[in-house]
Each structure stands twice: as structure tokens, then as C-alpha cells.
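One structure below.
Just so you know, ligand 1 is whichever comes first in the structure, and atom 1 is the first atom listed for that ligand.
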Amino acid sequence: MEQLLEKIASFKTEISSFIATKTDEAEAFRIKYLGSKGLVKEVMGEMKHVAADKKREFGQLLNEFKLFAEAKYEELKTATENGESSANAALIDLSLPGDPMPVGSRHPISLVRNEVVSIFQRLGFAVAEGPEIEDDWHNFTALNMPENHTARDMQDTFYISQNPDWILRTHTSSVQVREMEKGKLPIRIICPGRVYRNETISARAHCFFHQVEGLYIADNVSFADLKQTLYFFVQEMFGKDFKVRFRPSYFPFTEPSAEMDISCLICGGTGCNVCKHTGWVEILGCGMVHPNLLENCGIDSNKYTGFAFGMGIERITMLKYQIKDLRLFSENDVRFLRQFTPAI
Ligand code: 2U9
């Protein structure tokens with residue numbers, strides 16, 4: 001009798017853990033336990049060896065065992081007949097730990113853009129954004145580049161066939177124009193974003209890249225303010241262990257204009273491949289906002305002055321991480337992207 005009880009307990013454990021994902025597996029269960037030569041029948045057959053005074057108690061136990069096997073069969077049948085999803089649902093062990101989630105990395109362009117933006121935010125600059133599809137006025141004409149101006153030649157772009165006035169913006173300067181047109185002064189903004197140029201793609205040029213431009217317009221803004229702001233920026237960005245120089249330059253939208261260089265961080269200024277053996281690397285362009293621009297946007301150029309600057313994020317990123325080919329930024333090769341700081 002003890003043996004029989006152990007046998008029933010062991011069958012019940014086996015039945016509890018029985019798994020069926022298809023109807024023929026549920027049928028195999030039925031045959032094994034409930035069929036005419038099944039285990040339930042076999043255990044029932046043991047009744048004849050049970051003492052007469054124990055038959056009643058045993059009869060109840062065996063009946064309960066039979067009901068247990070039948071209930072399990074009904075459960076398997078319903079789950080498998082209702083299709084795979086419910087069959088699988090019956091298989092999900094909610095106590096298992098979840099699958100590991102690989103942590104991605106931030107794109108190097110985003111890392112550098114965020115760093116640049118955060119430095120200028122600490123100086124009180126607010127972030128301004130604008131459309132990537134622009135009209136001729138905001139991208140060129142308002143910026144002292146009327147039709148047929150030679151400077152347009154270096155900023156050939158993509159045109160939208162529905163409207164000859166629409167183009168993909170060649171710089172984020174159009175965002176500053178839109179901000180100036182709002183007429184609310186002073187203006188102290190930083191404009192990060194993607195820009196487009198009709199260039200043949202190579203290691204050193206692409207048909208799109210990213211800029212951060214800045215604009216500060218108020219009473220009495222001077223070139224000294226511009227220099228001090230940009231000194232702060234390069235020191236925060238690259239440290240203090242280098243020299244800085246301003247070179248006179250020309251941009252249609254600023255007068256006077258300059259380019260800012262820092263002594264090469266790789267060779268310390270002695271000359272190497274990165275600085276093309278000059279000892280200097282160009283970081284950004286800048287200048288005092290041309291009075292024509294202020295007037296174009298309804299700002300009194302006798303009352304207000306301003307400075308502006310612009311930099312290519314790809315260029316800064318290539319210097320910072322010593323990346324030699326611009327195309328790596330848009331190829332989405334995870335072997336490249338994985339090398340940068342995880343996103344969390
Ligand atoms: C307004 C007034 C002035 C923005 C400026 C530069 C100089 C400059 C280049 C850096 C590398 C573009 O990405 S790049 O090719 N930019 O050198 N940008 S001053 O001047 C402005 C902009 C808007 C209303």
C-alpha cells in the first residue's frame with residue numbers, strides 16, 4: 001500500500017510538469033495516462049490487492065488521481081487547440097530573469113554637440129532651432145548674399161522641385177535670421193543643427209554635416225566680448241594647454257571677420273599630419289554681425305551691435321577623437337559607433 005501511494009505521488013508530479021505545445025502531444029498525454037492501457041487504469045487495477053477495510057479510503061484516492069489526470073488533459077487540450085500563442089503563454093515562466101538589454105552608445109556627433117551646447121548654456125546662451133527646408137531669403141539674401149553673389153558658389157545645395165524658392169539650408173544662420181526677425185532683444189542664442197551642401201562625398205566632404213552657430217546682439221557688444229566668449233569656449237572644450245590665435249578672414253555676414261585657430265593638440269605646435277605641418281588647427285569662424293543684416297531684420301544698427309560665430313561639429317569631433325574619414329559618421333558601422341560612451 002505504501003508503494004502504491006508513492007507511485008501515485010510520483011505520477012502526479014510527472015503530470016503537473018507535463019508540457020504540450022501541439023495537439024498530438026496532448027493526445028500522447030491522454031494515451032499515456034487515460035488510455036485503455038494507461039497508467040490511471042494500471043493503478044486502478046491495484047485495488048484488488050488492497051485489504052477490504054482499506055478499499056473505501058483507497059477508492060477515494062484513486063478517483064481523485066483520475067480526476068487530476070483528466071483535468072490536466074483538458075487544460076492541455078484547450079491550450080493546444082487555441083493555437084500556438086496560448087500554448088506558448090502556458091509555457092512562459094514569469095519567474096525567469098529577463099534577457100539582457102545591450103546598452104547602445106551615443107553618436108560622437110551628438111556627444112560633441114551636447115558638450116558645445118552645454119558650454120554656451122553656462123554663459124547664458126539659449127538653444128534655438130529652425131527648419132531644414134529654408135527659403136532663399138533666410139538662407140542667403142538676408143545674410144548679405146543676394147542672388148548672383150559669389151559667396152553662393154561655395155554653398156551650392158539641394159533644391160525642392162515643388163518651389164524654386166525652397167532649398168535645404170546650407171548653414172544654421174537662417175535660424176538666427178528668424179530669431180532676429182522676431183524683434184525681441186537682446187538675443188543670445190546657440191543654433192545646433194544639420195546643414196546641407198551639394199558636395200561630392202569623400203573623406204573630407206559630405207552632402208550634409210552639422211553646425212553650431214551662435215549669435216549675441218545687445219547694446220555695446222564688442223569684438224572683445226567675442227574674443228572672451230570664444231576663449232572660454234575653447235578652454236572648456238580642449239583644456240588650457242595650447243595657444244589661440246585669431247586670423248583676419250571674410251564672410252558676407254560679418255565685418256570684421258576672423259577665424260580662430262588653436263595650436264595643434266597632437267604635436268604641440270611643432271607640425272604633424274593633423275595640422276598639415278603648420279602647428280595650428282582651425283576651430284571656427286566668427287565676426288561682428290554686418291550692419292546690413294541687422295537692418296534686413298528690422299534692428300537699428302546704430303543702437304545695437306552683435307557678434308556671431310560658427311563651427312562644424314564634424315571638424316571638432318574629428319580633432320577630438322582623431323577620426324580621419326568624414327564618411328564614418330554616417331555609415332552606421334557599429335564597430336565605429338561602439339567605441340563611444342554608452343548612452344546611460
Ligand atoms: C547671423 C549673423 C552672422 C555665423 C558665422 C562663421 C563665421 C563660420 C563656418 C564654420 C565652419 C561654417 O561649418 S562651417 O563650414 N562658419 O565661419 N559663421 S560667422 O555668422 C552669422 C550668422 C547669422 C544672423
Side-chain angles (χ1 to χ4, degrees), residues 109 112-113 116 120 125 128-130 132 134 137-145 149 151-157 168-199 204-218 221 223 225-227 229-230 233-234 237 246-262 281-299 301 304-319 326 329:
I109 296 295
V112 171
R113 186 216 34 222
V116 173
F120 283 103
F125 284 76
E129 285 178 318
E132 290 186 13
E134 260 303 357
W137 168 260
H138 291 98
N139 195 83
F140 291 126
T141 307
L143 286 154
N144 246 357
M145 287 188 274
H149 192 290
R152 285 198 183 199
D153 220 32
M154 287 177 290
Q155 297 195 15
D156 188 20
T157 183
L168 296 190
R169 70 181 181 194
T170 60
H171 42 198
T172 60
S173 309
S174 51
V175 181
Q176 282 111 290
V177 173
R178 286 178 178 278
E179 213 59 33
M180 283 159 65
E181 283 174 340
K182 289 180 186 164
K184 214 170 152 264
L185 291 157
I187 295 172
R188 192 157 50 195
I189 51 168
I190 195 93
C191 306
R194 180 174 287 184
V195 301
Y196 301 83
R197 307 252 171 118
N198 185 6
E199 299 267 356
R204 304 169 61 82
H206 212 291
C207 59
F208 67 80
F209 64 100
H210 300 79
Q211 286 187 332
V212 175
E213 290 198 344
L215 177 72
Y216 178 35
I217 302 176
V221 176
F223 203 89
D225 297 321
L226 163 66
K227 286 178 84 174
T229 304
L230 295 178
F233 164 68
V234 286
M237 193 74 198
F246 283 86
R247 266 181 302 113
S249 187
Y250 168 78
F251 305 110
F253 24 85
T254 46
E255 183 60 39
S257 305
E259 270 162 289
M260 188 187 195
D261 300 339
I262 61 171
V281 284
E282 187 191 314
I283 296 295
L284 51 81
C286 57
M288 300 305 291
V289 177
H290 197 292
N292 287 359
L293 263 71
L294 298 172
E295 298 296 335
N296 281 344
C297 299
I299 297 172
S301 63
Y304 293 102
T305 50
F307 69 71
F309 56 87
M311 68 191 93
I313 303 289
E314 275 79 352
R315 183 173 173 74
I316 308 279
T317 312
M318 288 169 100
L319 285 173
L326 201 52
F329 292 125

Please state which protein non-hydrogen atom is closest to [atom] and give its distance, to 0.1 Å?
{"atom": "atom 19 (S) of ligand 1", "value": "F253 CE1, 3.8 Å"}
{"atom": "atom 9 (C) of ligand 1", "value": "G310 O, 4.0 Å"}
{"atom": "atom 21 (C) of ligand 1", "value": "A308 CB, 3.4 Å"}

Going by the order shown, which atoms of ligand 1 are within less than 4.0 Å of some heavy atom of [X]?
{"X": "F209", "result": "13 (O)"}
{"X": "G312", "result": "11 (C), 13 (O)"}
{"X": "C286", "result": "7 (C), 19 (S)"}
{"X": "E213", "result": "4 (C), 18 (N), 22 (C)"}
{"X": "Q176", "result": "22 (C), 23 (C), 24 (C)"}

Open item on the list: With a heavy-atom distance limit of 4.0 Å, tell me whether S257 approaches ligand 1 through its side chain, its backbone, both, or neither.
Closed with: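 Within the 4.0 Å criterion, S257 makes no contact with ligand 1.
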
Task: Contact partition for M180 relative to ligand 1, non-hydrogen atoms under 4.0 Å - done: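 The answer is the side chain.
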
Under the 3.5 angstrom rule, does the side chain of [X] hit a backbone N or O of [Y] as a donor-acceptor pair?
{"X": "D261", "Y": "I283", "answer": "no"}
{"X": "R152", "Y": "M145", "answer": "yes"}
{"X": "N296", "Y": "A142", "answer": "yes"}

Task: Exceeds 12 heavy-atom contacts within 6.0 angstrom, atom CZ of R204 - done: no

- [ ] Report yes if some N/O of Q211 lies less than 3.5 Å from some N/O of ligand 1; otherwise report no.
- [x] yes

Task: Parallel, tilted or perpendicular: ring planes of F246 versus F223, cut at 30 and 60 degrees - done: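 Perpendicular, since the angle between the ring planes exceeds 60°.
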
Open item on the list: Quick one about E314 and H206 (side-chain donor to acceptor, distance below 3.5 Å, no hydrogens or angles considered), yes or no?
Closed with: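 Short answer, no.
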
Task: L293 to ligand 1, any heavy atom closer than 4.0 Å - done: yes

Open item on the list: Do the side chains of K182 and E179 get close enough for a salt bridge, i.e. N-O under 4.0 angstrom?
Closed with: yes

Open item on the list: With heavy-atom distances below 4.5 Å as the criterion, would you say the side chains of Y216 and I189 are in contact?
Closed with: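 A side-chain contact under 4.5 Å is absent here.
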
